[in-house]
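Notes to accompany the following structure.
A quick note: this is a predicted structure, and the numbers were derived from the prediction, not measured. Residue numbers begin at 1 in each chain, while the letters A, B, ... track the order of the sequences.
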Amino acid sequence: MVGVKEFYDIRIHGRAGQGAKTAAQLLAEAAIDIGMYAQSFPEFGAERTGAPMKAYSRISKDKISVHYQITKPDVVVVMDESLFHAENVLEGIKEDSCIIVNTSDSPDTVRKKYNIPSNVKVYTVNATKIALDLFGKNFANIPLLGATVKIVGIIDPEKVKESIRKKFIKKLGEEGVNKNLLAFDKGMSEIIGG
Amino acid sequence: MSDGVVSKVSVVRKALTGAQAAAEVMRQVEPDVVAAYPITPQTPIVQEFAQFVADGLVNTEMIQVESEHSALSAVVGAAMSGARAMTATSSQGLALMWEVVAIASSMRLPIVMNIVNRAISAPLNIHCDHSDAMAIRDLGWIMLFSENPQEVYHNNIVAFRIGEHPDVFLPVAVNQDGFITSHCVEAVDVFEDSFVKNFVGEYKAPYNILDFDNPISAGEWAMPSHYFEFRVDMKKAMDRSVGVIEKVFEEFYKETGVKMDFFEAYKTEDAEIVFVVMNSTAGTIRYVVDKLREKGKKVGVIKVRVYRPFVVEKFLELIPSAKFIAVMDRALSIGTTGSPLYQDITSGLFANKRIVLVNDYIYGLGGRDFTDDDAYEMYEHAEYSLKEGISGQIVYVGLNPNLLGR
Amino acid sequence: MLKVDKEIVSFSINPGGYAKGGTSLENKTGGWRSFRPVLNKEKCVNCMICWLNCPDDSIVVKDGQMLGFDYDYCKGCSLCSNVCPTKAISMVPEV
Amino acid sequence: MAINLKQIAGMEAAYVKGHRMCAGCGVAVFVRELFIASKTAGVDVVIANATGCLEVTSSVYPESAWKYPWLHVAFENAPAAISGVERAYYALKAKGKIKDDRKVKFVAIGGDGASFDIGLQSLSGALERGHNILYIAYDNEAYMNTGYQRSSATPLYADTTTAPFGKKIPGKTQTRKDLFAIAVAHGIPYAATVSIYHWNDLITKIQKALTVEGPTFILSLTPCIPGWNMPVGDAVSLAKAAVETGYWPLVEYENGVYKWSSANPKQLKPIEEFLASQKRFAKLLKNPELLEKFKQDVISNYEKYKKLCGVA
């Protein structure tokens, strides 16, 4: 586990419809479940499915009083490599920040490709492949959530899995939930870099 | 913010958005009638509640009306029938129902309405500011503002007790910031249903048009011989609400350990520079006040929880050392010296012969994000203004310099 | 001296402006009349068409008999006279 | 439920004297007949009244002419307001807070301005939602409360204060909006047109509209003395002429079927009998070309409804 801090500001870059908002929300719900404090909110525009968007999570051991978009993220999650071309995903990134990218490439390749500063940690996970193998569709948000939980470290993965169950059991049933839990585990175990 | 008093009430911590927090109270209170129309960013409140109705979790008649004007009209009809009735809206929806907003308070109907604050057109904008709520501030509604989903929850519970009190009988608007609060998931301590039900109590309508044996006519025409008195009578009810709010807050504190006040002061006792702010930005300012205090700055913040009635005497008690007040308005009054909150405060200062320097800081219009950096910048400006003796300035925070003309 | 806000506590009006039903009886509209209806008992067949059509409920009826007019409220519109099938009601100037 | 006038004459009025309607007002006659219908049908009513003549003149604080529960909110929202009252009634009944078991119909009433124009959306919404309401449009063919301005119910070439008959523009140049057709298009179970002269037909129809479950609709022609600019005391006889000349066809619509009322004339009288005493048509009557167009409009509407009713 990498998590050492008392709080994390997490910014997820995705495209509308990819489930970034759901992932951010599941993170916050799980944190609240274990007695921590959290916020999660999406950024809204006039854009529809496919447009680049951001979702945010603040996770903290103390009460959170601020209310604004995350401008200096501790963790940036990039749900789709093409977003590097669409948005400045590195905006506001700090020395001790880290970035988690959904790609088939290695962290080193990603760092070189996008000129990521050396003091920013780069992690990669092929969440798309995990999703395609399990669901036959690119539902990358759950494996990425697993990867993020592993990196952030201060949230109990089991709690996140409970949140996933609660959220999806009505819609997806037992089998669907189990697939998502498996996707989550795979995200946790397959993330590399640092 | 519980400080010492242990809640007698059992509490479950839930991850809820501000919209869900409002819907949660609606579930617990089970109003007789809810009429609503979808509008961003209010929609999740009525969606959530519609699901409660569909699932049979509440015993409420829900009317899916064809406009906000009809939403509040139906709610007025229901309230006049002795029912506890609610609605929710935002921005253009509130603008469309404005006519009925005035009627609801003038007919003295204790309706509770959630307003998810959003900018008004044009240009079309769905994001947060307080222009919508400010346009109804003089219409006789009690107006509560909420910093976060937790406060949305608390405000909604006390709203019934305040509005429905026989000394008051006025509608209550519970405000929260569009998206920033309405769509933000946070930890909310939810009371057990039975507590909320008991605290809110049964609604006893003051007048009821469904009494066939003693029929009344409601919504009469008043000639110049009577209209004036009706307006002043409504103002008197608003005045009486101050005492009622004090009592309800006190009782709420005793039962739950949750403290609420008209103005919630933070580190203002010795503060020379005091920010005044409403809704979600209050927390950001408190965070920045802490940082500035670490640097030895004498700064504090007052959050306006109860905007109507605006009891300026209570405000003045909280700023004994203030030399400069930085009023933060998330709305822009066009054609006068300052925006709504600034006007409320400066007129109160002047009338009470209290001379303090004041600037009006306009921020966050149309959802322009207001960050900690913006707050530091604003503080610098306030500090400079105090040093130079500057007052009465309208200052914009977060304007895009690239868009400024020459 | 004018009263200041703080000296005023309340008013003897119904909050919200509701009224008790049926109280417009207080407002006698007979003064509106410039012509008054007069009944010719001999022509009247008690068909009650006048009673039905009187906008001001000012036809006095008892046990199926047309007795005359309630001049406290009758506005003198002559509708009764116009609808009367036997021409039993005539309009005469008020004096 | 046929009415024997002799038996009911003298019954207590539910809309009492002392109101401030014009002397000889057709709307006041209509309201009398409405309450005869509700009392004889054994149905109690709650009334939501749109802003307008009827509302203003009946509710001057601290008095009220209404002996039934009555509510006024604004001009354009009586259907929405009555929707709230109706849902509140059933909600409170379900919770045991209202205990009586009287038969109740929730009635919204408005003039043509409130019904055809500013409140059409609210009316449409209420009819679509299927409330147990009766909506009554008392149609005097213009905004009479504010001084005889044109509405979408104003007939062709009528002289009104906002569409005056001038040298260049001959009054209103558009035909009346067919609100009856709009109401029926909502798939409601019952709708009817009525006229205050034909009281038996009117009362029977309102009794039905009050007893049929769900949203029902009544459109009533109610002559306005100052607005139509006609002799005081002629309200009822002009309502009669409107039917006899085919200007105002009396029809019913029940569960998808149109019915031609027996009170319609066997043979139409000349339209001039309806127009002659109304000064709003004085200039039209002097213009044979426009008068011909007016007649064609009346006849085409009359024939349209005859055809819908399957009458040859």
Side-chain angles (χ1 to χ4, degrees), chain C residues 11-37 45-67 69-85 89-91, chain D residues 3-33 35-36 47 54 57-72 196-197 199-200 202-203 222-223 225 231-240:
Chain C
F11 299 94
S12 58
I13 49 176
N14 298 332
Y18 67 88
K20 218 171 148 250
T23 42
S24 68
L25 290 173
E26 298 286 320
N27 182 46
K28 297 199 172 161
T29 49
W32 293 29
R33 224 170 31 243
S34 48
F35 287 86
R36 69 162 55 204
V45 293
N46 296 307
C47 68
M48 298 301 152
I49 291 286
C50 58
W51 172 84
L52 174 76
N53 283 296
C54 175
D56 293 287
D57 194 32
S58 298
I59 307 293
V60 183
V61 171
K62 207 177 172 194
D63 303 328
Q65 296 291 308
M66 158 64 174
L67 301 181
F69 308 93
D70 185 345
Y71 292 117
D72 279 350
Y73 297 94
C74 167
K75 293 171 184 161
C77 71
S78 77
L79 222 163
C80 52
S81 160
N82 285 356
V83 296
C84 177
I89 301 172
S90 50
M91 301 301 294
Chain D
I3 299 298
N4 183 331
L5 263 191
K6 287 200 174 202
Q7 275 173 15
I8 60 161
M11 75 195 267
E12 196 194 15
Y15 177 72
V16 306
K17 44 199 165 192
H19 63 74
R20 290 151 169 89
M21 304 284 277
C22 290
C25 175
V27 184
V29 177
F30 173 80
V31 175
R32 271 181 83 70
E33 293 176 341
F35 278 112
I36 292 171
I47 293 181
L54 174 63
T57 54
S58 63
S59 67
V60 181
Y61 184 84
E63 294 158 11
S64 163
W66 302 88
K67 278 182 132 175
Y68 270 96
W70 182 89
L71 168 70
H72 160 251
I196 52 171
Y197 170 77
W199 58 272
N200 222 327
L202 181 150
I203 290 170
T222 47
I225 290 147
V232 178
D234 272 5
V236 173
S237 46
L238 264 179
K240 178 183 182 216

Requested in this report: Determine, step by step, whether R32(D) and D57(C) satisfy the side-chain contact (heavy atoms from CB on, under 4.5 Å) criterion, reporting the C-alpha distance in whole Å, the side-chain angles of both residues, the deciding distance to 0.1 Å, and the verdict.
Outcome: CA-CA 8 Å; R32(D) 271 181 83 70; D57(C) 194 32; 2.9 Å; yes
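- Taking NE2 of H19(D) as the start and OG1 of T29(C) as the end, the distance is 7.0 Å to the nearest 0.5 Å.
- Residue contact with chain D, scored on non-hydrogen atoms closer than 4.5 Å, involves the backbone of K20(C) exclusively.
- With a 4.5 Å cut-off on non-hydrogen atoms, D72(C) does not touch chain D at all.
- Between the CG atom of L52(C) and the CD1 atom of I203(D) there is a distance of 6.0 Å, given to the nearest 0.5 Å.
- Between W51(C) and L5(D), the closest side-chain pair of non-hydrogen atoms falls below 4.5 Å.
- Under the 4.5 Å side-chain criterion, counting only non-hydrogen atoms from C-beta, N82(C) is not in contact with V236(D).
- Heavy atoms of C47(C) lying under 4.5 Å from chain D belong exclusively to its backbone.
- For I13(C), the parts lying near chain D are the backbone and the side chain together; criterion is any non-hydrogen pair under 4.5 Å.
- Interface summary for chain D: among N27(C), V61(C), I49(C), the most heavy-atom pairs under 4.5 angstrom belong to N27(C).
- Contact check for W32(C) versus R20(D): side-chain heavy atoms found under the 4.5 Å cut-off.
- Here the side chain of Y73(C) pairs no donor or acceptor atom with the backbone of V16(D) at under 3.5 angstrom.
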